[in-house]
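Structure first, then comments.
Model, not experiment: these values are computed from the prediction.
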Amino acid sequence: MARTSGSHAKITGPKIQEAAQRLFARHGYAAVSMRQIATEVGVQVGALYNYTPDKQTLLVGLMTSHLEELLAAWGQEGARGAAAARLEQFTRFHIRFHKERPDAVFIAYMELRNLTPENFETVEVLRRRYEGALQEILQAGVAEGDFAIADTKVAAMGIIAMLTGLNTWFREDGRLSFTEVQDLYWGMVRNSVGLAG
């Protein structure tokens, strides 16, 4: 007997995650139903529950996957040397990594309010690890006498927020090239820590 378009053999967990990511980024988590996700994948809504217990699990899974990929990618950068060089590497890495993942970035930063307290803490542990990597660079720069920063934790959060905000406005066909924007943002980061040009 031929399988229907809604058969379990035709869908996978990754397809559901991709559909959920698109819909959450486009409409917001609260506005998206499991039925909409099922329609996007092309299955009956009941079939989704073979892959995920609920919408919240999809959300936290998307967020943790993004942050785990981010941490792994930064780990592979192998940043070494003086703090100023590592800060420039972090700046350019963050911009480059996030530019390729606009939907994941939007969800990871804008949908925190929709996580349950337990899931929020899970995501926060990963976020703090990434912020901590930048904070360590900033602390090293202060110790080396190159950075003038009153509070490295606040500075780390501020820099990450500024760099991530690039995703809200940058367009490939805009006035500035991606390289030019990276250079401008590095200049702003450098100035924000009191690093001489």
Other residues, nucleotides, ligands: >12 heavy atoms within 6.0 Å of [X] [atom1]:
X      : atom1 : value
Arg22  : CZ    : yes
Arg35  : CZ    : no
Glu121 : CD    : yes

In terms of hydrophobic clustering (I, L, V, M, F, W, Y; side-chain heavy atoms under 4.5 Å; direct or indirect links), are [X] and [Y] co-clustered?
X      : Y      : result
Val123 : Val125 : no
Met188 : Ile95  : yes
Val154 : Tyr109 : no
Ile149 : Met157 : no

Could you tell me if the side chain of [Y] sits less than 4.5 Å from the side chain of [X], heavy atoms only?
X      : Y      : value
Asn167 : Phe106 : no
Ile159 : Val193 : yes
His66  : Ile107 : no
Leu87  : Phe147 : yes
Arg92  : Asp183 : yes
Tyr49  : Met34  : yes
Leu134 : Trp74  : no
Phe24  : Lys55  : yes

Problem - Pair Arg128-Glu131, salt bridge (Lys or Arg N to Asp or Glu O under 4.0 Å): steps then yes or no - result: CA-CA 5 Å; Arg128 283 194 293 265; Glu131 289 167 2; over 6 Å; no
Sidechain-backbone polar pair: [X] side chain, [Y] backbone, donor-acceptor under 3.5 Å:
X      : Y     : value
Glu111 : Tyr29 : yes
Glu88  : Ala85 : no
Glu144 : Ala83 : yes

[X] side, atom [atom1]; [Y] side, atom [atom2] - distance, nearest 0.5 Å:
X      : Y      : atom1 : atom2 : value
Glu40  : Arg26  : CD    : CZ    : 5.5 Å
Gln89  : Arg86  : CD    : CZ    : 9.5 Å
Thr91  : Ile160 : OG1   : CD1   : 10.0 Å
Leu163 : Gln182 : CG    : CD    : 10.0 Å

Practice task
Quick one: do Gln56 and Leu115 satisfy side-chain contact (heavy atoms from CB on, under 4.5 Å)? Show the steps, please.
Solution key: CA-CA 7 Å; Gln56 177 72 199; Leu115 291 172; 3.6 Å; yes
Practice task
Please lay out, stage by stage, how Val189 and Met162 fare under the test side-chain contact (heavy atoms from CB on, under 4.5 Å).
Solution key: CA-CA 9 Å; Val189 169; Met162 178 177 69; 3.4 Å; yes
Handout entry: Face-on cation placement of Lys99 at Phe170 ring, 6.0 Å and 45° thresholds
Key =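 Pair Lys99/Phe170 does not count as cation-pi.
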Handout entry: Polar contact flag, side-chain donor to acceptor under 3.5 angstrom, Tyr130-His94
Key =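 A donor-acceptor contact under 3.5 Å links the two side chains.
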Handout entry: Between Thr57 and Asp54: side-chain donor-acceptor atoms closer than 3.5 Å
Key = yes
Completion exercise
Minimal heavy-atom distance between Leu138 and Ala155, with the atoms involved, is CD1-CB, 3.8 Å
Problem - Of Leu112, Thr64, Asn114, Val60, the residue whose pairing with Asn119 passes side-chain contact (heavy atoms from CB on, under 4.5 Å) - result: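 Considering Leu112, Thr64, Asn114, Val60, a side-chain contact (heavy atoms from CB on, under 4.5 Å) with Asn119 is found only for Val60.
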Handout entry: Ring centres under 6.0 angstrom apart (Phe97, Phe90)
Key =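 No.
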Handout entry: Arg175/Glu180 salt bridge by N-O under 4.0 Å criterion
Key =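 Result for this pair is no, no salt bridge flagged.
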